[in-house]
Protein chains: 2
Amino acid sequence: MTSTGRRGRPGAGRTLSEDEILDATLSLLDEGGVTAASVRGIAGRVGVAPNAVYTYFPDKTAVLSALVERLLGEVDQEALADRSTPWRERVEFVALELRSRLMAHPGAVTLMIGGPMEGPNALGIGERLLELLADAGLDPTAAARASYLLITYVFGSLALEVAELAEPGPPPPEPERVAARLIGYSAVPAEAFPRTAAAADTLARYISTEQYLWGLRRVLDGIDRAAAPVSR
Amino acid sequence: MTSTGRRGRPGAGRTLSEDEILDATLSLLDEGGVTAASVRGIAGRVGVAPNAVYTYFPDKTAVLSALVERLLGEVDQEALADRSTPWRERVEFVALELRSRLMAHPGAVTLMIGGPMEGPNALGIGERLLELLADAGLDPTAAARASYLLITYVFGSLALEVAELAEPGPPPPEPERVAARLIGYSAVPAEAFPRTAAAADTLARYISTEQYLWGLRRVLDGIDRAAAPVSR
DNA sequence: ACCTGAACACCGTTCAAGT
DNA sequence: ACCTGAACACCGTTCAAGT
């Protein structure tokens with residue numbers, strides 16, 4: 001086949017692309033977690049010497065930041081900006097979308113909270129959020145604070161949810177139980193921590209999508225109350 | 001001086017203690033960030049061969065987990081359990097305490113969210129939180145969810161706050177500006193993201209302790225509303 | 001311009017050997 | 001029981017050399 005074969009390199013011109021490197025990085029991340037996404041591993045997967053990666057990216061963190069930006073590009077910013085639906089619904093929709101897209105790549109969540117998100121996609125989402133909160137009646141100061149609160153909640157939730165799977169090899173197939181295990185699902189001594197044991201049981205029964213939405217709605221309630229301090 | 005000198009080892013018996021290893025780990029974490037807290041670095045600091053660490057801990061993650069547990073032990077659980085003060089004030093007090101104690105060791109925050117917190121101190125704090133939420137009138141299911149929400153908020157906030165400093169060498173001395181920088185303080189193109197640029201300005205002006213408390217109070221408002229769905 | 005081989009300064013962990 | 005030296009299988013990154 002006349003595909004872009006790695007063999008028989010034509011003496012000049014690039015045999016790779018930034019996107020191919022990001023593809024390889026993401027697949028390694030999914031298969032083996034954060035530790036598997038090494039420069040040497042990436043190079044090996046695309047069939048190139050380790051240092052060839054540095055032709056495309058200045059260093060490893062640049063590769064990972066670019067990957068984060070690409071994943072954030074999948075978020076539907078128009079849904080966030082659509083004034084025909086109530087602002088709370090828009091937040092809930094995008095929060096759920098962000099969760100499902102990112103939990104498909106648990107290793108990437110660790111990367112997101114590990115560094116600042118300052119690419120155009122990250123800034124775009126933040127900007128839409130601020131517009132939306134203005135729609136909700138918040139003054140600019142409250143909107144700034146509320147947007148930061150929402151970002152904190154969403155990424156904090158995902159970080160805690162992912163923490164349990166972060167450790168060995170490929171991620172286990174039951175992300176729903178994570179929230180429960182985080183507060184000690186497996187082996188909580190019920191004598192010493194009776195309420196914790198019962199709570200772990202509760203959170204194990206309710207799937208974590210429900211928990212995620214419940215928390216988000218409490219946050220939105222709090223923002224709502226701040227938005228209308230007089231009219232009620 | 002007849003201090004516990006590392007030289008002239010007495011042929012038998014331990015020259016170290018778990019606590020000495022944790023002290024060394026914490027100081028390395030504070031001085032050089034997460035990457036500086038290596039097994040070889042720890043061993044070097046306590047004056048021992050790298051593999052001697054494995055006499056005291058099974059592996060590196062065990063060292064880090066023990067350190068996390070020790071830091072959580074500094075939290076005043078009695079303040080959380082003290083029924084003579086209103087439940088919201090108790091949460092705010094401990095949330096502020098947790099923030100000041102952990103932001104003194106930014107590298108440790110990364111460790112906390114990186115893995116499950118399941119030591120006795122972590123479980124103890126969770127248990128006190130559940131008791132407190134029962135005091136607030138929440139049924140066990142709502143209390144389980146609210147406690148998870150509060151944990152998410154506190155550690156999510158700290159994780160985002162610390163993300164900016166995580167990168168090189170010793171942490172910069174201005175943790176107050178971090179929140180602002182996180183959403184692009186440094187170089188937000190105001191033409192493309194006008195609200196973000198203005199919000200960054202807002203968050204830069206208000207110190208992040210205020211932002212932290214503002215968010216916490218929105219969360220508490222939301223929980224409060226869930227606690228009393230009928231009586232108002 | 002892009003890729004390679006070789007090297008540098010690191011990792012965490014294991015193992016056989018010494019006391 | 002505790003520590004050491006040496007080794008193994010890795011890292012990210014740099015540099016001189018080749019096309």
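Each chain gets a letter, A, B and so on, in the order its sequence line appears, and its residues count up from 1.
In this structure, D/dC11 forms no base pair with any nucleotide, since neither Watson-Crick nor G-U wobble geometry is met with both distances under 3.5 Å. Pairing for D/dC2 goes to C/dG18, judged as Watson-Crick or G-U wobble with the two contacts each under 3.5 Å.
Residue B/Tyr54 contributes atom OH, which lies 19 Å from atom P of D/dA6 at whole-angstrom precision. Between the P atom of D/dC11 and the NZ atom of B/Lys60 lies a distance of 15 Å, rounded to the nearest Å. Atom CG of B/Asp59 is separated from atom P of C/dG12 by 11 Å (rounded to the nearest Å).
When the nearest nucleotides of DNA chain D are assigned to A/Pro50 and B/Arg40 by heavy-atom distance, the more 5′-ward of the two goes with B/Arg40.
A salt bridge between A/Arg90 and A/Asp76 is absent, with no side-chain N of the basic residue lying under 4.0 Å from a carboxylate O of the acidic one. The pair A/Glu31-A/Arg45 meets the salt-bridge criterion, since a charged nitrogen lies less than 4.0 angstrom from a carboxylate oxygen.
Of the side-chain N and O atoms in B/Ser38, none sit less than 4.0 angstrom from OP1 or OP2 of C/dC10. At least one side-chain nitrogen or oxygen of B/Tyr56 sits closer than 4.0 Å to the OP1 or OP2 atom of D/dC3. Under 4.0 angstrom from either OP1 or OP2 of D/dC3 there lies at least one side-chain N or O belonging to B/Thr15.
Using a 4.0 Å heavy-atom criterion, one finds that B/Phe57 contacts no nucleic acid atom at all.
For B/Asp59 and B/Thr61, the side-chain atoms include at least one donor-acceptor pair closer than 3.5 Å.
Comparing D/dT4, C/dC2, C/dT13 by their nearest atom to the side chain of B/Val48 picks out D/dT4.
A donor-acceptor distance shorter than 3.5 angstrom exists from the side chain of A/Gln211 to the backbone of B/Arg145, with no hydrogens or angles considered.
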